[in-house]
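These notes are about the structure you will find just below.
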Amino acid sequence: MRRSKAFIPTTKEAPSDGQLASHIFLSRGGFVSQVASGLYNYMPLGKRVIKKIENIINEEMQLADAQEVELSFVTPADLWQESGRIEKFGKELLRFRDRKENLFVLGPTHEEMMVDMVRNRITSYKQLPINLYQIKTKFRDEARPRFGLMRGREFIMKDGYSFHSSQEDLNREFDAMESAYKKILIRLGLDFRIVEADSGAIGGTGSKELMVLAQSGEDTIAVCDTCEYGANVEAAKRSGRSSIPEAPVADFNKFKTPNIKSIEDLENFFKVDAYYTIKCVAKRVIYEEESEIVLFFLRGCDNLQEVKAVNAAGALDIADLSEEELQEIGLIPGFIGPLEQDKAKHVIDNDLINAVNMICGANEEDYHYVNVDMSVLGEAYYADIAEVNEGDICPCCNGKLSFTKGIEVGHIFKLGTTYSKALKAEYLDENGKAQPFIMGTYGMGVSRLVAAIIEQHHDENGCIWTKEAAPYMVNIMISNIKDTEQVELAEELYAKLQEAGVETVLDDRKDRFGFKMKDAELIGFPYTVIIGKELANGLVQIYERKSGENSSISKELVFSQIMKFV
RNA sequence: CGGGGUGUAGCUCAGUAUGGUUAGAGUACCUGGUUUGGGACCAGGGGGCCGAAGGUUCGAGUCCUUUCACCCCGACCA
């Protein structure tokens, strides 16, 4: 492409709403432009990068025997009724009616549609397994789109669904998809981690997220410093703590604790580590039809992990509540304890099973119990509801956990029969008996990957594209367009590279050296061939964007050198 | 959905407290010339319903009311 003819509107100035490097540079570099909140146009460079990523996905999916399809973007609301997700998804579903007043939904993900396509067409176990996927625009009416392509409302996603006649076969496919996804991210040059995750509203087990490591990531993940274990904090487990403080010595007693309401107050008052205190986090737990107050008890040094809490309560959601609401049911905020009290449902963290030497609220104004032995509770409801802390011991080895931030670019999980049952999608097994499909689902955010690559690969001057994702591999920069010798060599090299199948831009604009170099750095071509004043000595330079290194080479050798690099 | 902020040239922003020539700057763009190794210089030029609607006033970018859009923090997020 001749730069003089290319539609690549770069700007010196960052958009006023740019927060992240990816947003700023993709916008300044002329890759994307915003049209409304969470909606973006892809300009030529952006479109090329999208295609690069799609091609890699397609190649790896083919190797894994997955078949590409394309489902209608507009989906009948009936299907969403059938699966029950029209309520679950809520306002994120963009709904509208056609001229005949039929209700439709813009697809935010396509489980229902894919199941609908397969049901009554795949009818025998002999036709299984099958893995179908598409790369398609999705729409979720996010409450708050942000960070450019990272969290848009309209976005491009690869979503795949597999159908099986046994759990074992699903497990096999799941592993195959995990390794295919790994390959894709490796090819894109990303530093990532596969972590255990919560499966969210879709339901299912064996949920894993592919996280690109970046400080700007929206997810916090716990990783082990010794083994491969990694998990979203929403799901992270621990086997213990790196150190357990010395236990306080006391007899069981009810103790006057005037106005001592917080864990911090207790620590100071009793001179005891928060580990030996019991914290009560009261929440309103919301179910499909009703809601109730639930008391979550944990060690004072831990925090409630809300996703775990929702799962433990078998709820749809949880919400904060006020002190007044607690008082209404006879609880005294600051002094709530799990003993001799059944004003609301209790969920107690696993780490408190048989815990001893504990201090907890006495359910009486200004009183706490000391030296509580939790085993006196007998049969209580225990669950894992605490968020792991940095320094906790890995559940898989003896390493320590630490936190890092990640961008979720992929999510795979085993759906089981959630959708096939709801939508009555069945096949006949060996015995001629109808069975619901056992399903897996595999998602990868294509447009989000564009942003994730830049989050991980940029510097203060702009984008640094990895080779497999770069919109163009080589930029040939003519320093002085009036120098016919420079122009001739550039044209010759341009023709040769194009013939060799190397995606090349020829910067034949009339601008000056500095301007064109800044522009090349902003766009982030992996290589720029500088044809300039050194040509008088028979030399040109190859500038490598990643290292910033500029190496001189004779004009005769530049073509073969470039071919070696790409 | 709660809290806060911003809408003026393609882009980044002044101007709005205190209403008063023809609404400004930088940058980008067009023409001509100079320049050509790190976002050049000179000269000339085009580009605006000041987010929208209503109101107050002799007069509104500026004051009042309504509304829309976008951004930030939070809630939310397969």
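Both backbone and side-chain heavy atoms feed into the values below; hydrogens, waters and symmetry mates do not. Here is how names work: the chains are called A, B, and so on, in the same order as the sequence lines, proteins then strands, and each is numbered from 1.
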Quiz item: A:R28 side-chain donor-acceptor pair to B:rG39 base, under 3.5 Å = yes

ask   = So what does A:P15 hit on the nucleic acid, given a heavy-atom distance under 4.0 Å: a base, only sugar-phosphate, or nothing?
value = sugar-phosphate

key: Salt bridge present between A:E387 and A:K308 (N-O < 4.0 angstrom)   = no

query = How is A:K516 classified with respect to the nucleic acid when contacts are heavy atoms under 4.0 Å: base, sugar-phosphate, or nothing?
reply = nothing

query = Can you check the A:L522 CG to B:rG38 C1' distance for me, whole Å?
reply = 14 Å

message = What I want to find out is whether A:D483 reaches A:K533 closely enough, with some N-O distance under 4.0 Å, to be called a salt bridge.
response = no

ask   = Taking 4.0 angstrom as the limit, do A:K283 and A:E306 come out as a salt bridge?
value = yes

request  = Look at the side chain of A:R151 against the base of B:rC77 and say whether a donor-acceptor pair falls under 3.5 Å; ignore hydrogens and angles.
outcome  = yes

ask   = Contact class for A:E218 (heavy atom, under 4.0 Å): base, sugar-phosphate, or nothing?
value = nothing

query = Hey, is the side chain of A:E534 pairing donor to acceptor with the base of B:rG37 inside 3.5 Å?
reply = no

inquiry  = For A:F174, does the six-membered ring have the charged nitrogen or CZ of A:K414 within the cation-pi criterion, i.e. under 6.0 angstrom from the centroid and within 45° of the normal?
reply    = yes

inquiry  = Check this one for me: any side-chain N or O of A:S16 less than 4.0 Å away from OP1 or OP2 of B:rU6?
reply    = no

query = Between A:F565 and A:Y527, is the ring centre distance below 6.0 Å?
reply = yes

request  = Sticking with atom P, work out how far B:rA28 lies from B:rA43, rounded to a whole angstrom.
outcome  = 16 Å

remark   = Taking for A:A143 and for A:T11 the nucleotide of RNA chain B with the nearest heavy atom, the one nearer the 5' end belongs to A:T11

remark   = When rounded to whole Å, the CZ to C1' distance for the pair A:F147 and B:rC76 reads 14 Å

Nearest-Å distance once atom P is located in both B:rG54 and B:rA14 = 28 Å

task = Apply side chain to side chain contact (heavy atoms under 4.5 Å, CB included) to the pair A:Q456 and A:I407, showing each step before the final yes or no.
result = CA-CA 10 Å; A:Q456 222 171 56; A:I407 300 164; over 6 Å; no

query = Should A:D169 and A:R172 count as an ion pair when the cut-off is N to O under 4.0 Å?
reply = yes

Out of B:rU36, B:rC71, B:rC77, whichever nucleotide has its closest atom nearest the side chain of A:E142 = B:rC77

query = Which part of the nucleic acid does A:A319 contact within heavy-atom distance under 4.0 Å: base, sugar-phosphate only, or nothing?
reply = nothing

request  = Taking only the side-chain heavy atoms of A:F513 (C-beta and beyond), determine which of B:rU35, B:rC70, B:rG37 contains the nearest atom.
outcome  = B:rG37

task = Give the rounded distance in Å between these two atoms: CG of A:D519 and C1' of B:rG39.
result = 9 Å

key: Any residue of residues 449-464 of chain A with a heavy atom less than 4.0 Å from an atom of RNA chain B   = none

Residue pair A:W80 / A:L93, side-chain heavy-atom distance below 4.5 Å = yes

ask   = Of the nucleotides B:rU36, B:rC72, B:rG39, which one has an atom closest to the side chain of A:R512?
value = B:rU36

inquiry  = If I pick the C1' atom on B:rU22 and the same atom on B:rC64, what distance separates them, to the nearest angstrom?
reply    = 28 Å

message = Say we look at B:rU66 and B:rC30: how far apart would their P atoms be, to the nearest angstrom?
response = 45 Å

query = So, A:K208 and A:E196, do they make that salt bridge, N to O below 4.0 Å?
reply = no

request  = Provide, to the nearest angstrom, the distance between the CG atom belonging to A:D511 and the P atom belonging to B:rU27.
outcome  = 15 Å

ask   = Distance under 6.0 Å and angle within 45° of the ring axis: does A:R153 meet both against A:F139?
value = no

task = Rounded to whole angstrom, note down the P distance from B:rU62 over to B:rA53.
result = 12 Å

query = Given the C1' atoms of B:rU56 and B:rC63, what is the spacing between them in whole Å?
reply = 8 Å

ask   = Taking the side chain of A:N550 as its heavy atoms from C-beta onward, which of B:rC70, B:rU36, B:rG37 lies nearest to it?
value = B:rG37

message = If you only use heavy atoms from C-beta on, which nucleotide in B:rU36, B:rG39, B:rG38 is closest to the side chain of A:M517?
response = B:rG38

ask   = What integer distance in Å separates A:I8:CD1 from B:rA28:P?
value = 18 Å

query = Is the NZ atom of A:K136 crowded by more than 12 outside heavy atoms at less than 6.0 Å?
reply = yes

ask   = To the nearest angstrom, how far is A:F89 atom CZ from B:rC76 atom P?
value = 16 Å

task = For A:S479, report the nucleic acid contact type (base, sugar-phosphate, nothing); a contact means any heavy atom under 4.0 Å.
result = base

inquiry  = By the 4.0 Å heavy-atom rule, please label A:G532 as base, sugar-phosphate, or nothing.
reply    = base

ask   = Which part of the nucleic acid, if any, lies within contact of A:E521, taking any heavy atom under 4.0 Å across all strands shown: a base, the sugar-phosphate backbone alone, or nothing?
value = base

inquiry  = If I pick the C1' atom on B:rU8 and the same atom on B:rG47, what distance separates them, to the nearest angstrom?
reply    = 14 Å

ask   = Atom CZ of A:R509 to atom P of B:rG39: distance rounded to whole Å?
value = 15 Å

key: Qualifying residues under side-chain hydrogen bond (donor to acceptor under 3.5 Å, both in side chains), relative to A:S547, sequence neighbours excluded   = A:E544

remark   = Parsed dot-bracket for RNA chain B after applying the Watson-Crick and G-U rules with both distances under 3.5 Å and | for other-strand partners is (((((((..((((......[...)))).((((((.....)))))).....(((((..]....))))))))))))....

ask   = Which value, in whole Å, describes the distance between the C1' atoms of nucleotides B:rC50 and B:rA23?
value = 8 Å

ask   = How close or far is atom C1' of B:rG39 from atom CD1 of A:I523, stated in whole angstroms?
value = 13 Å

task = Please determine if A:E521 and A:R545 form a salt bridge, counting it only when a charged side-chain N lies under 4.0 Å from a carboxylate O.
result = no

remark   = With the side chain defined as heavy atoms from C-beta on, A:Q19 is closest, among B:rC76, B:rC72, B:rG37, to B:rC72

ask   = What is the nucleic acid contact for A:E92, judged by heavy atoms within less than 4.0 Å: base, sugar-phosphate only, or nothing?
value = sugar-phosphate

inquiry  = On RNA chain B, does the nearest nucleotide to A:R448 precede the nearest nucleotide to A:T10 from the 5' side, or the other way round? Give the residue.
reply    = A:T10

inquiry  = I want to verify the glycosidic state of B:rA17; is it syn or anti under the 90° rule?
reply    = syn

query = Hey, does the side chain of A:Q34 come within less than 4.0 Å of B:rC71's phosphate (OP1/OP2), counting only N and O?
reply = yes

